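Here's the structure, in structure tokens; my notes come after.
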Amino acid sequence: MGRNDLCWCGSHKKYKKCHAEFDNKVEVYKLQGHIVPSREMIKTPDQIAGIRESGKINIAVLDAVEEYIEEGITTDDIDKLVYQKTKELGGVPAQLGYQGFPKSVCTSVNEQVCHGIPSKNVVLCNRDIINVDVSTIYKGYFSDSSRMFCIGDVDEKKEKLVRVAWECIDLGLKQVRPWSFLGDMGQVVHEHAIKNGYSVVKDIGGHGIGLGFHEDPWVSYVSKKNTEMLMVPGMIFTIEPMVNMGTDEIFLDEENGWTIYTADGKLSAQWEVMVLVTDDGYEVLAY
């Protein structure tokens, strides 16, 4: 690209006054042997604005779930609410029909790690914990986040698991800054879970998002500082460690082909946030 050409990022500025220095800096890291993002992973200002609006709908849908969820409702009731609220706000549930997924939301209860399928037969009971994972398409832009909910009189052990899973998110966010590495975030997440006697699922991670549902990079939460991909302004990805009370081993429900369970039947907790790397830190776009 010529220095006087319009920049590839869509800013309508000349390349030399926009991303020329940025690209040179990325190239230095690449020559040092680090994994660096492709230009396709770096969202333009217009794309970021669109993804931000999608994230607002995602947050509003989870807020509606938070007001509604209680003992005695079914996970299918949650699915209907998510569908109706998303459509009311002008969005489309991203999960509905995605690679054959039959519902508009994932509802993972107790020992279900992720991808729980809503059902009329799953009634929320006192002392359950549940992850509700909402994903939204709005005007072609994707967003994704999830929250944990404690139903009724949850005991201290369950409450601690849910709380520590959120603390892992919070600590991970503090490591998100330009010109550092995804491994910086992954290490602090893993260390905090281990310190509290838990494990983190290795085989499932976070992902890039925005123009598609699941984009590069794949994000690990058992990684090491100064490893994994370089974080640069304009990258958007999810932080969503799955924190298990017991082993990190998991298995797939072969009958439905989606739901993941802990191998030992012990509880799992997960929150998910969608984060943008900014020039001086990060912005949470959905939570």
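Here, residue 1 is the first one in the sequence, and each next residue gets the next number. We use all heavy atoms of the structure for the numbers below, so side chains are in, but hydrogens, waters and symmetry mates are not. From a predicted model like this one, the values you see are computed outputs, not experimental measurements.
- Annotation: side chain of Asp216 is not in contact with side chain of Ser38 (no heavy-atom distance under 4.5 Å).
- Phe237 has its ring centre no less than 6.0 Å from the ring centre of His207.
- The minimum heavy-atom distance between Ile239 and Gly172, with the atom names listed, is CD1-C, 4.3 Å.
- Few gaps surround OH on Tyr29; more than 12 heavy atoms of other groups in view lie less than 6.0 Å from it.
- Proximity of a side-chain donor or acceptor of Ser143 to a complementary backbone N or O of Ser54 within less than 3.5 Å is detected.
- Side chains of Met229 and Pro37 form a contact here, defined as non-hydrogen atoms less than 4.5 Å apart.
- Here the CG atom belonging to Leu276 is positioned 11.5 Å from the CD atom belonging to Gln47, to the nearest 0.5 angstrom.
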Subject >> Audit row: Gln112, Tyr261, side chain to side chain donor-acceptor pair (under 3.5 Å) steps and yes/no >> reply: CA-CA 4 Å; Gln112 292 179 336; Tyr261 290 83; 3.1 Å; yes
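- Between Val134 and Val61 the shortest heavy-atom distance is CG1-CG1, 3.9 Å.
- Under a hydrophobic clustering in which Ile, Leu, Val, Met, Phe, Trp and Tyr are joined whenever their side-chain heavy atoms come within less than 4.5 Å, directly or via other members, Phe101 and Val105 fall into different clusters.
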**OP:** Would you sort out whether Cys18 and Cys9 count as a side chain to side chain contact (heavy atoms under 4.5 Å, CB included), showing the intermediate values?
**Re:** CA-CA 8 Å; Cys18 193; Cys9 76; 3.5 Å; yes
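- Note: the hydrophobic cluster containing Ile117 does not contain Ile78 (ILVMFWY, side chain heavy atoms under 4.5 Å, direct or indirect links).
- Proximity of Gln99 to Trp258: side-chain heavy atoms (C-beta onward) are separated by under 4.5 Å at one or more points.
- Transitive grouping of hydrophobic side chains (ILVMFWY, heavy atoms separated by less than 4.5 Å) brings Trp166 and Val200 into a common cluster.
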**OP:** Give the C-alpha distance, both sets of side-chain angles, the deciding distance and a yes or no for side chain to side chain donor-acceptor pair (under 3.5 Å) between Asp280 and Thr278.
**Re:** CA-CA 5 Å; Asp280 56 3; Thr278 65; 3.2 Å; yes
**OP:** May I have the step-by-step check of side chain to side chain contact (heavy atoms under 4.5 Å, CB included) for Cys168 and Leu171, ending in yes or no?
**Re:** CA-CA 5 Å; Cys168 287; Leu171 290 168; 6.0 Å; no
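- Ring-centre distance between His214 and Phe142: not below the 6.0 Å cut-off.
- You'll find the side chain of Thr107 stays beyond 4.5 Å of the side chain of Val122, heavy atoms only.
- Remark: the backbone N or O of Arg127 is paired with a side-chain donor or acceptor of Lys158 at under 3.5 angstrom.
- A heavy-atom distance below 4.5 Å is found between the side chains of Trp8 and His19.
- The pair Lys43-Glu215 counts as a salt bridge, with a side-chain nitrogen and a carboxylate oxygen less than 4.0 angstrom apart.
- Between Ile73 and Tyr68, the closest side-chain pair of non-hydrogen atoms falls below 4.5 Å.
- Thr247 and Asp264 are not linked by any side-chain donor-acceptor pair at a separation below 3.5 angstrom, with hydrogens and angles left out of the test.
- Panel note: side chain Thr136, backbone Gly91; no donor-acceptor pair is recorded below 3.5 Å.
- Gln270 places a side-chain N or O within 3.5 Å of a backbone atom of Glu240 that can act as its donor or acceptor partner.
- Counting non-hydrogen atoms of other residues, nucleotides and ligands closer than 6.0 Å to CG of Asn126 gives a total above 12.
- In the hydrophobic clustering of ILVMFWY residues, with side-chain heavy atoms under 4.5 Å counting as a link, Met41 and Val232 come out together.
- Nearest heavy atom pair, residue Ser104 against residue Asp79, reads N-OD1, 2.6 Å.
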**OP:** Go through the steps for Lys103 and Asp76 under the test salt bridge (Lys or Arg N to Asp or Glu O under 4.0 Å), then give the verdict.
**Re:** CA-CA 9 Å; Lys103 296 290 186 174; Asp76 192 63; 2.8 Å; yes
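- Under 4.0 Å is where a charged nitrogen must lie from a carboxylate oxygen, and between Glu283 and Arg52 at least one such pair does.
- More than 12 heavy-atom neighbours from other residues, nucleotides or ligands sit within 6.0 angstrom of CG on Asn4.
- Within 6.0 Å of CZ in Phe213 there are more than 12 heavy atoms belonging to other residues, nucleotides or ligands.
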**OP:** With side chain to side chain contact (heavy atoms under 4.5 Å, CB included) as the test, would you mind laying out the steps for Asn121 and Thr74 before giving the verdict?
**Re:** CA-CA 7 Å; Asn121 299 322; Thr74 69; over 6 Å; no
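- Across all their heavy atoms, Tyr198 and Lys157 have their closest contact at OH-O, 4.2 Å.
- For Gln187 (side chain) and Lys225 (main-chain N/O), a donor-acceptor pair under 3.5 Å exists by modelled atom type.
- A 4.5 Å side-chain heavy-atom check between Asp133 and Gln95 finds at least one atom pair inside the cut-off.
- No side-chain heavy atom of Tyr98 sits under 4.5 Å from any side-chain heavy atom of Leu96.
- Between Asp63 and Arg147 there is a salt bridge, since a side-chain N of the basic residue sits under 4.0 Å from a carboxylate O of the acidic one.
- The residues Asp23 and Arg39 are annotated as salt-bridged, a charged nitrogen and a carboxylate oxygen being separated by less than 4.0 angstrom.
- One hydrophobic cluster, built from ILVMFWY side chains closer than 4.5 Å, cannot hold both Trp218 and Val189; they sit in different ones.
- For Arg163 and Glu159, the salt-bridge test passes: some basic side-chain N is under 4.0 Å from an acidic carboxylate O.
- For the atom pair CD1 of Ile35 and OG1 of Thr227, the computed distance is 7.5 Å after rounding to the nearest 0.5 Å.
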Original post:
Could you walk me through whether Ser108 and Asn131 pass the side chain to side chain donor-acceptor pair (under 3.5 Å) check?
Top reply: CA-CA 5 Å; Ser108 304; Asn131 175 268; 4.9 Å; no
**OP:** Kindly indicate, with the supporting measurements, whether the criterion side chain to side chain donor-acceptor pair (under 3.5 Å) is fulfilled by Gln84 and Glu88.
**Re:** CA-CA 6 Å; Gln84 293 167 357; Glu88 173 191 316; over 6 Å; no
Subject >> side chain to side chain contact (heavy atoms under 4.5 Å, CB included) between Leu173 and Val275, worked out >> reply: CA-CA 8 Å; Leu173 279 171; Val275 61; 4.0 Å; yes
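- In terms of modelled atom types and a separation under 3.5 Å, the side chain of Asn196 and the main chain of Ala193 share no donor-acceptor contact.
- Taking the six-membered ring where the residue is Trp, the centroids of Phe22 and Trp179 are separated by under 6.0 Å.
- Shown here is Gln32, whose CD atom has more than 12 heavy atoms of other residues, nucleotides or ligands within 6.0 Å.
- Heavy atoms only, all atoms of each residue included: Ser135 and Asp144 are closest at OG-OD1, 2.8 Å.
- Closest heavy-atom contact between Phe149 and Leu62: CZ-O, 4.5 Å.
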Original post:
For Lys25 and Glu21, what are the C-alpha separation, side-chain angles and deciding distance, and is it a salt bridge (Lys or Arg N to Asp or Glu O under 4.0 Å)?
Top reply: CA-CA 6 Å; Lys25 192 169 184 178; Glu21 183 179 346; over 6 Å; no
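- The main-chain N or O of Gly10 is never found under 3.5 Å from a side-chain atom of Thr44 such that the two would form a donor-acceptor pair.
- Only one option out of Val273, Ile209, Ile236, Asn58 pairs with Leu285 in a side chain to side chain contact (heavy atoms under 4.5 Å, CB included); it is Ile236.
- The distance from atom CG of Leu252 to atom NE2 of His115, rounded to the nearest 0.5 Å, is 10.0 Å.
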